[in-house]
Amino acid sequence: MSNHSSSSNSGDNVALGNDEEISLLDILCFIKSAWKTIAIAGLCGLVISILYLLMTPNQYEALAQIQMARVPQDKSPLGVNVEEPVALIARMSLPTSFNEAVIAACGLQEANNLPAQLSKAIKLSIPKGVASVVELKVTRPTPEVAKTCAASIIDVITQSQAAMIAPMAQASKQRNQERLVKVDERLTQDKALLAKAEQPKGPISPTYFAILSEIRALEDERVSLSQVVANESLQNAALLSPIYGSDNPVSPKKLVALAAGVLGGLFLGLLVALARKMIVCARVQLESLGVSK
């Protein structure tokens with residue numbers, strides 16, 4: 001009984017092995033019989049990708065990084081952003097943020113859908129790890145137009161932020177100048193008191209050290225205020241580096257398009273050949289069952 005079971009199991013294994021071998025042979029035979037269809041489809045995909053590359057104009061990119069304008073802050077020479085980068089990106093996403101000069105510089109005078117064309121050509125983003133800088137990417141048909149478009153957009157950003165910063169900078173400057181005058185007056189008074197508190201003989205009084213400490217604090221504040229007042233006119237938005245434009249197109253990507261065309265064509269040819277094979281097998285089965293066409 002056990003021998004019979006063993007022989008049965010061995011027979012099953014042989015059958016399974018034959019099925020796997022037959023399946024692999026069927027696949028190889030199928031590919032061999034359908035290679036012309038697959039190759040023709042791959043060639044068609046290659047031709048389509050070549051036509052796509054010939055019909056699609058090249059696009060060139062210009063890059064720039066813009067430092068946000070900063071509002072002078074009391075006792076802080078660096079100040080704070082007049083506009084957060086996220087707010088600038090949201091504002092520049094509206095077509096009304098661009099004037100006719102920008103539209104002309106970017107070559108979009110005759111654009112049918114101006115908002116869509118602007119959003120496609122102009123992209124603003126925040127570089128990773130930098131809180132006060134916005135990165136500008138402009139994509140246009142030529143490197144020259146891309147650079148000109150980027151420069152015009154930077155001018156718009158600079159002018160708009162300068163208009164924001166002007167009243168705040170004026171108020172801050174006036175406030176700091178008034179504080180600087182008061183600090184100077186207080187320093188003059190304290191120095192006079194310090195001269196009186198100095199004793200040529202005997203121990204130095206605690207008043208002397210209190211006045212001296214206040215004078216040092218006032219002198220530090222005076223230095224800080226002087227730096228703020230001196231730098232308040234230099235807080236406008238500015239480029240961190242010159243606009244970069246590459247002479248190599250960023251799109252369309254030729255190798256990617258060609259590879260996609262060939263692989264897509266081969267896959268489509270495989271599906272067509274498989275569909276034909278299935279139709280033929282179905283007809284054979286129907287004929288074997290005696291079913292007329």
Side-chain angles (χ1 to χ4, degrees), residues 1-63 93 106-108 110-123 125 128 137-143 145-146 246-293:
M1 187 70 177
S2 59
N3 293 335
H4 179 70
S5 299
S6 300
S7 60
S8 299
N9 292 335
S10 299
D12 293 340
N13 292 334
V14 172
L16 290 174
N18 291 335
D19 289 343
E20 290 179 357
E21 185 178 355
I22 292 172
S23 298
L24 180 60
L25 289 175
D26 285 342
I27 292 173
L28 294 176
C29 292
F30 167 72
I31 293 175
K32 182 178 180 181
S33 62
W35 74 268
K36 290 183 179 180
T37 301
I38 298 173
I40 291 173
L43 183 61
C44 291
L46 177 63
V47 172
I48 292 173
S49 62
I50 292 174
L51 291 176
Y52 165 77
L53 292 174
L54 292 176
M55 296 175 62
T56 304
N58 291 333
Q59 295 293 319
Y60 298 85
E61 191 173 71
L63 300 175
S93 64
C106 297
L108 297 172
E110 300 179 358
N112 295 327
N113 189 353
L114 184 60
Q117 292 296 326
L118 285 171
S119 63
K120 182 179 179 181
I122 303 167
K123 296 186 182 300
S125 61
K128 186 177 181 180
K137 290 184 180 181
V138 176
T139 306
R140 300 309 301 141
T142 65
V145 175
S246 176
D247 293 333
N248 298 321
V250 295
S251 66
K253 299 184 181 299
K254 296 181 180 180
L255 292 179
V256 174
L258 292 174
V262 173
L263 293 177
L266 292 175
F267 182 71
L268 181 61
L270 183 62
L271 290 179
V272 171
L274 183 60
R276 290 173 56 186
K277 182 69 174 179
M278 293 176 64
I279 292 172
V280 171
C281 292
R283 287 180 178 177
V284 171
Q285 290 180 356
L286 291 175
E287 292 176 358
S288 65
L289 294 174
V291 179
S292 59
K293 297 182 182 180

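Below, each value reflects all heavy atoms present in this structure, side chains not excepted, and no hydrogens, waters or symmetry copies. Here the structure is a predicted model, which is why all the values come from computation and not from measurement.
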Please list every donor-acceptor pair under 3.5 Å in which a side-chain atom of residues 32-46 meets a protein atom from a residue at least two apart or in another chain.
| unit_1 | atom_1 | unit_2 | atom_2 | d |
| --- | --- | --- | --- | --- |
| Ser33 | OG | Cys29 | O | 3.1 |
| Ser33 | OG | Phe30 | O | 2.9 |
| Thr37 | OG1 | Arg276 | NH1 | 3.3 |

Nearest 0.5 Å please: distance from the CG atom of Asn113 over to the NZ atom of Lys120. 11.0 Å

Please identify each residue that fulfils side chain to side chain contact (heavy atoms under 4.5 Å, CB included) with Thr56, with sequence neighbours left out. Tyr52, Pro252

Here the gap from Ile279 atom CD1 to Leu274 atom CG, rounded to the nearest 0.5 Å, amounts to 10.0 Å

Sequence neighbours excluded and cut-off under 3.5 Å, please list the side-chain donor-acceptor pairs for residues 256-265, or say none.
none

Identify, with sequence neighbours excluded, every residue that meets side chain to side chain contact (heavy atoms under 4.5 Å, CB included) alongside Leu63. Glu61, Lys137, Tyr244

Where at least one partner belongs to residues 261-271, residue pairs that pass side-chain hydrogen bond (donor to acceptor under 3.5 Å, both in side chains), sequence neighbours excluded: none

Indicate yes or no for a side-chain donor-acceptor contact from Arg140 to the backbone of Ala121 under 3.5 Å, with no hydrogens or angles considered. no

Tell me whether Leu255 at atom CG has more than 12 heavy atoms from other residues, nucleotides or ligands lying less than 6.0 Å away. no

Of all residues at least two apart in sequence or in a different chain, which pass the side chain to side chain donor-acceptor pair (under 3.5 Å) check with Thr139? none

Least distance between heavy atoms, Tyr60 atom then Pro249 atom: CE2-N, 3.5 Å

Please list all pairs meeting side-chain hydrogen bond (donor to acceptor under 3.5 Å, both in side chains) that have one or both residues in residues 246-256, counting only residues at least two apart or in different chains. none

